Amino acid sequence: MRLYNTLTRTEETFTPGPDNTVRMYTCGLTVYARGHIGNFRTFVCVDVLRRTLRHLMHYRLHHVMNFTDVDDRTIIGAQKAGMDLRAYTDQYIAAFREDAKALGLEPVEENPRATDPENIAAMGAMIDALEQRGHTYRSDGSIYFKIASMPDYGKLAHLDHAGIKPGARVDSDNYAKDDARDFVLWKGTKPGEPTWQVAGDTPGRPGWHLECSAMALRLLGESPIDIHTGGIDLIFPHHENEIAQSECATGKPFSRFWFHVEHLIVDDEKMSKSLGNTFTIPDIITSGHRPSAVRYLLLSSHYRKQLNFTWESLQQAEEALRRLTDCLARVDAVSASGGHADIQKRVAEAQQAFSDAMQHDLNTAAALGAMFELVRAINSAIDAGQLGTEDVPVIRSAFAGFDLVLGILSLRHAEDEQPPVPVEEIERLIEERHAARRRRDFAAADRVRDDLAARGVLLEDSAAGTRWKRK
RNA sequence: GGCGCCGUCGCCAAGUGGUAAGGCAGAGGUCUGCAAAACCUCCACCCCCGGUUCAAAUCCGGGCGGCGCCUCCA
């Protein structure tokens with residue numbers, strides 16, 4: 001498949017390692033607050049990459065996504081809450097897991113935390129390697145990476161010293177550095193802060209970038225790993241510095257591919273906690289929308305384009321997704337016997353178009369287009385009475401295949417299994433309404449339908465009977 | 001100031017050299033007790049101006065507009 005590589009700024013053919021396994025690392029959430037849907041845009045797009053590699057390309061995955069559970073924000077948050085750092089960050093990891101499930105993220109193979117002892121140890125080992133190779137210096141009890149020691153520093157971000165904005169605040173830390181571009185590997189201990197011992201018993205805590213390099217190499221093995229992913233804002237300085245640390249420590253390239261997801265925008269501004277314009281999954285649910293619609297919306301445009309979040313587009317996503325599930329419900333109700341070569345040909349064409357689109361740098365919008373073209377063909381065939389029970393499994397298996405990659409239909413079905421009104425009650429009311437219709441008491445029948453609609457359940461009559469669905 | 005991305009129907013969004021996918025919304029029709037769903041029909045000279053080409057939404061140049069990164073950030 002073709003995949004855009006930030007390192008080369010071109011689309012390249014991606015191939016897995018010799019064992020057909022893809023070793024992938026994703027920079028996960030800093031767990032000082034609940035993640036918002038901008039954060040989750042990245043994770044959903046990475047999930048689609050993961051699913052495409054796994055379910056469409058049939059590669060094996062070894063995918064690591066970390067939790068950053070120690071940094072200024074988590075420390076300050078824990079102090080304010082009067083909690084232990086671990087307990088404080090546990091809450092947000094739990095929230096992440098809930099939201100990830102609501103958005104249909106496939107579990108990844110490993111979710112390390114920066115403060116796990118084996119990861120702290122790996123960071124210490126990396127600092128040792130960097131010290132031995134002469135890439136570090138110490139100042140005020142902290143250990144720094146010396147950028148002047150790495151000739152090709154800046155190759156990912158294409159930024160150099162001259163590109164740094166004059167007068168810009170270069171570092172928010174109160175640590176002494178030789179060069180403004182140098183970054184801290186290990187922050188010297190401060191009173192009241194959590195402390196670990198590494199690198200010749202230096203007390204302190206990890207710098208911003210060290211954990212990802214250390215965990216990626218510890219868990220994924222020898223570099224280069226195959227794909228490193230994250231939000232576009234991580235290109236600089238985070239990923240640039242990860243490259244610096246990892247490559248100077250090992251003497252080998254860190255990652256073959258760099259995959260970056262563009263920002264979610266809201267009101268023409270980046271969605272971010274500092275701007276106060278964020279929405280979380282609980283916010284979405286409170287507003288009466290469904291996580292499946294969020295996932296659909298996030299997949300409706302290309303991952304390398306900014307996506308402007310609006311409630312209108314979320315509603316449009318909701319309706320589009322409904323068209324897909326309504327079609328599949330109609331397919332399930334088909335009772336005529338036989339099979340039809342024409343519709344099965346359309347299915348095969350859609351599968352091809354879907355696969356082509358996904359293999360072309362994850363063109364999810366085009367892949368959805370292929371699904372909708374098939375939906376129209378199927379609906380037309382049903383209306384014309386040209387769909388039989390032999391066609392049904394062919395269609396179902398095609399959509400199951402699409403959904404292994406996109407993960408929207410199964411998510412919606414899971415939501416539908418928990419309607420706002422108990423299923424037994426819905427079924428009882430459908431029976432009541434059915435009786436009313438039989439005695440041609442349409443006023444009573446309509447009342448049942450309207451009442452259910454007010455409670456979030458819609459009824460649809462057809463020759464095959466009455467179907468209910470969530471609003 | 002440096003680097004990068006983007007501007008396609010009312011809204012969302014593919015297409016990146018061969019004459020504009022798809023979804024939402026809207027209009028008309030068919031079906032229906034009424035709805036809903038579905039189907040059929042209708043709905044775009046692709047921000048502007050030049051240039052290259054037999055041919056450009058797609059390539060080149062110049063504008064205009066928007067966003068991001070250069071500082072913690074998905």
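Computation of the quantities below employed the complete heavy-atom set of this structure, encompassing side-chain atoms and omitting hydrogens, waters and symmetry-equivalent molecules. Remember, it's a predicted structure, so these values are computed and weren't measured experimentally.
- The CZ atom of A:Phe354 sits 14 Å away from the C1' atom of B:G22 (whole-angstrom rounding).
- Electrostatic pairing of A:Asp446 and A:Arg437 does not count as a salt bridge here, judged by no charged N lying under 4.0 Å from a carboxylate O.
- Atom CZ of A:Arg330 is separated from atom C1' of B:C39 by 8 Å (rounded to the nearest Å).
- Figure legend. B:C34 is base-paired to no nucleotide; pairs are counted as Watson-Crick or G-U wobble with both atom distances under 3.5 Å.
- The side chain of A:Glu373 approaches B:G22 more closely than any other nucleotide in the set B:A74, B:C5, B:G22.
- For the pair A:Leu328 CG and B:A37 P, the computed distance is 16 Å after rounding to whole Å.
- Across the strands present, B:G61 finds its partner in B:C49; the criterion is a Watson-Crick or G-U wobble pair with both atom distances under 3.5 angstrom.
- For A:Arg2 and A:Glu12, the salt-bridge test fails: no basic side-chain N is under 4.0 Å from an acidic carboxylate O.
- One cannot find a donor-acceptor pair under 3.5 Å joining the base of B:C31 and the side-chain atoms of A:Asp383.
- The base of B:C6 is not paired with the side chain of A:Gln306 by any donor and acceptor separated by under 3.5 Å.
- The aromatic ring of A:Phe442 sits over the base of B:G33, with ring centres less than 5.5 Å apart and planes tilted by under 30°.
- Pair assignment for B:C72: none, as no Watson-Crick or G-U wobble contacts are both less than 3.5 Å.
- Nucleotide B:G18: paired with B:C54 (Watson-Crick or G-U wobble, both distances less than 3.5 Å).
- For a distance-only test at 3.5 Å, the side chain of A:Arg9 fails to qualify as a donor-acceptor partner of the base of B:G4.
- Side-chain proximity of A:Gln316 to B:C12, B:G22, B:G68: nearest is B:C12.
- Geometric assessment of A:Arg34 against the ring of A:Tyr92 yields a negative cation-pi assignment under the 6.0 Å and 45° thresholds.
- Looking only at atom types and distance, the side chain of A:His239 has no donor-acceptor partner in the side chain of A:His209 under 3.5 Å away.
- Dashed line: the shortest gap from a side-chain N or O of A:Ser313 to OP1 or OP2 of B:C24 is not under 4.0 Å.
- Spacing between atom CD of A:Glu460 and atom P of B:C31 amounts to 19 Å, rounded to whole angstrom units.
- Base-pair partner of B:C39: B:G29 (Watson-Crick or G-U wobble, both distances under 3.5 Å).
- As rounded to whole Å, 21 Å separates atom P of B:U71 from atom NZ of A:Lys273.
- Checking B:G4 for Watson-Crick or G-U wobble geometry (two distances, each under 3.5 Å) identifies B:C67 as its partner.
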Show every donor-acceptor pair shorter than 3.5 Å between a side-chain atom in residues 399-406 of chain A and any protein atom, with sequence neighbours excluded, or say none if there are none.
unit_1   : atom_1 : unit_2   : atom_2 : d
A:Asp403 : OD1    : A:Gly407 : N      : 3.4
A:Asp403 : OD1    : A:Ile408 : N      : 2.8
A:Asp403 : OD1    : A:Leu409 : N      : 2.7
A:Asp403 : OD2    : A:Leu409 : N      : 3.4
A:Asp403 : OD2    : A:Ser410 : N      : 2.7
A:Asp403 : OD2    : A:Ser410 : OG     : 2.9

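- Between A:Leu458 atom CG and B:A35 atom P there is a gap of 16 Å when expressed in whole angstrom units.
- For the pair A:Asp71 CG and B:U71 C1', the computed distance is 15 Å after rounding to whole Å.
- Between A:Lys305 and B:G7, a side-chain N or O to OP1/OP2 separation shorter than 4.0 Å is present.
- At a cut-off of 3.5 angstrom, counting only N and O atoms as typed in the model, there is no donor on one side facing an acceptor on the other between the side-chain of A:Asn363 and the base of B:G15.
- Between the P atom of B:A21 and the CE atom of A:Met358 lies a distance of 22 Å, rounded to the nearest Å.
- Across all strands shown, nothing is found opposite B:C9 as a Watson-Crick or G-U wobble partner with both distances under 3.5 Å.
- Distances shorter than 4.0 Å separate some side-chain N or O of A:Arg323 from OP1 or OP2 on B:G23.
- Judged by distance alone, with hydrogens and angles left aside, A:Arg449 brings a side-chain donor or acceptor within reach of the base of B:C34, the pair sitting under 3.5 Å.
- Residue A:Arg290 places its CZ atom among more than 12 non-hydrogen atoms of other residues, nucleotides or ligands, all under 6.0 Å distant.
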